[in-house]
2 protein chains.
Amino acid sequence: MVRLTVQRQAILDLINRSNQHWDAEELARCLGENGEQLGIATVYRGLAALENAGLIQSIQLADKKRYERADKGHHDHLVCIKCGDIEEFCDNKIESRQQQVAQDRSFQMTGHQLLIFGVCQSCSNDSRESETP
Amino acid sequence: MVRLTVQRQAILDLINRSNQHWDAEELARCLGENGEQLGIATVYRGLAALENAGLIQSIQLADKKRYERADKGHHDHLVCIKCGDIEEFCDNKIESRQQQVAQDRSFQMTGHQLLIFGVCQSCSNDSRESETP
DNA sequence: ATTGATATTGATAATAGTTATCATTCTTTG
DNA sequence: CAAAGAATGATAACTATTATCAATATCAAT
C-alpha cells in the first residue's frame with residue numbers, strides 16, 4: 001500500500017501549483033529553497049509513486065524524464081530544440097488514428113508519446129533579429 | 001568534412017543488411033563476432049556521423065537510442081512493453097495533422113517521434129495461453 | 001498507548017548509456 | 001613528401017537513475 005507522505009505531498013503541491021515540466025533535480029532544488037529539503041532518492045521514488053497513482057504525468061525526453069500535473073488530462077508536446085521550451089497540444093484526430101493503427105495490428109495499446117521537435121515562435125523571432133541583412 | 005571510413009562502412013552495412021533496431025552495444029558485439037572489432041566510442045561516433053549524413057535513422061527509447069536503416073523512409077513505432085519488440089507503421093493522416101499543429105502555433109517543426117506502447121499480438125497470445133481457465 | 005508489520009526516508013554506492021580526452025594513426029591535398 | 005584535418009581506441013568522466021540498507025515513520029489491531 002502506497003503512502004502519501006509529507007514529502008510526496010510537497011512534491012505534488014509544487015507540481016500542481018505550476019505549469020512547468022519539472023525534472024527530478026529541479027524539483028529537489030526548488031523544494032530545498034522553500035525549506036522542504038528532500039533526499040534526491042526520495043524525490044525519484046516520490047515521483048514514481050505519484051505517477052503510478054495517476055496524480056502526476058511525465059514525458060520521457062532524450063536525456064531525462066520531466067513531470068507535470070495530471071489534472072490537465074492527456075496531451076502531447078512540442079519541444080523547442082533551441083531553448084528547451086515545452087508547449088502542449090491535443091489533437092483528437094491523431095489520438096483516434098493511433099487507436100486505429102494499434103487495432104489494425106492487434107496491438108493492445110497502453111499508452112503513447114508524441115513529441116514534435118522544432119523551433120518555437122519566440123526562438124525563430126530571435127534568430128531573425130540577429131540576421132545581418 | 002566527414003569521412004566514410006571502413007569502420008563506419010561496417011556499421012552501415014550491418015544496419016542495412018537487417019531490419020532490426022540496433023543499440024550501440026549490440027552493433028559492437030555483432031561486428032566483433034564477425035571479425036570487425038571496433039572500439040565502443042567509435043561505434044557511438046560512427047552512428048552519430050551516419051545519422052547526420054542521413055544514412056541511418058534512430059529512435060530514442062527511455063533507456064537508449066536504437067538505430068535502423070534510413071532507406072525505408074520515415075515511419076513511427078509500436079513498442080511492446082513485454083518483449084521489447086518494435087513494429088513500424090506510417091499513417092499519413094497523423095503526419096499531416098502534426099504539420100498542421102505546428103503551423104497553427106508558428107512552430108518550425110524539424111522532426112517528431114511517435115511511440116505507441118502496449119502489448120504486441122504475440123505477447124498477448126502468450127499470456128492468454130498461460131491463464132488458468 | 002504498545003506492538004508488530006509494512007512502507008518510506010536519506011545517504012550513498014552502483015549502474016547504464018553516452019560523451020570527453022588525448023595520444024596515435026589514417027587521409028587528403030597542396 | 002609534408003602539413004592539415006579527421007578518425008580511432010582506450011579509458012576517464014559525466015548524467016540520470018536505481019539499488020542498498022540502516023534508521024525512522026505510519027497503520028491496524030490489540
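Not measured: the values here are computed from a predicted model. Only heavy atoms go into these numbers, but all of them, side chains included; no hydrogens, no water, no symmetry mates. Reminder, nothing fancy here: chain letters follow the sequence lines and each chain counts from 1.
Sequence order on DNA chain D of the closest nucleotides to M1(B) and G39(B) puts M1(B) first from the 5' end.
Under 4.0 Å is where a charged nitrogen must lie from a carboxylate oxygen, and between K64(B) and E25(B) no such pair does.
When the nucleotides dT11(D), dT12(C), dT9(C) are ranked by their closest atom to the side chain of A41(B), dT11(D) comes out on top.
With Y67(A) as the fixed residue, the side-chain contact (heavy atoms from CB on, under 4.5 Å) test singles out one of E51(A), Q20(A), E26(A): E51(A). Under the side-chain hydrogen bond (donor to acceptor under 3.5 Å, both in side chains) rule, H77(B) has a single partner from E68(B), Q113(B), R66(B), which is E68(B).
In this structure, the side chains of R105(A) and Q121(B) stay at 4.5 Å or more apart for every pair of heavy atoms. The closest side-chain heavy-atom distance from Q7(B) to L31(B) is not below 4.5 Å. In this structure, the side chains of E95(A) and H112(A) come closer than 4.5 Å at one or more pairs of heavy atoms. Between K82(B) and Q108(A), every side-chain heavy-atom pair lies at or beyond the 4.5 Å cut-off. Between Q100(A) and D104(A), the closest side-chain pair of non-hydrogen atoms falls below 4.5 Å.
For the contact set between residues 3-19 of chain B and DNA chain D, defined by any heavy atom under 4.0 Å, the members are R3(B), T5(B), Q7(B), R8(B). Listed by residue number, the members of residues 45-69 of chain B with any heavy atom below 4.0 angstrom from DNA chain D are R45(B). Near DNA chain C, defined here as any heavy-atom distance below 4.0 Å, there are no residues from residues 20-28 of chain A.
Between the CG atom of L38(A) and the P atom of dA25(D) there is a distance of 15 Å, given to the nearest Å. Atom-to-atom, CD1 of I40(A) to P of dT18(D) comes out at 11 Å; the value is rounded to the nearest Å.
Using N1 to N3 plus N6-O4 or O6-N4 for Watson-Crick, or N1-O2 and O6-N3 for G-U wobble, each under 3.5 Å, dA29(D) pairs with dT2(C).
Shown here for A28(B) and I40(B), the closest heavy-atom pair between the two residues is CB-CD1, 3.9 Å.
Atom CH2 of W22(B) sits about 16.0 Å away from atom OG of S58(B), to the nearest 0.5 Å. A distance of 9.0 Å separates CG of L38(B) from CG of L27(B), quoted to the nearest 0.5 Å.
Applying the 4.0 Å criterion to OP1 and OP2 of dT17(D), one finds that Y44(A) has a side-chain N or O inside that range.
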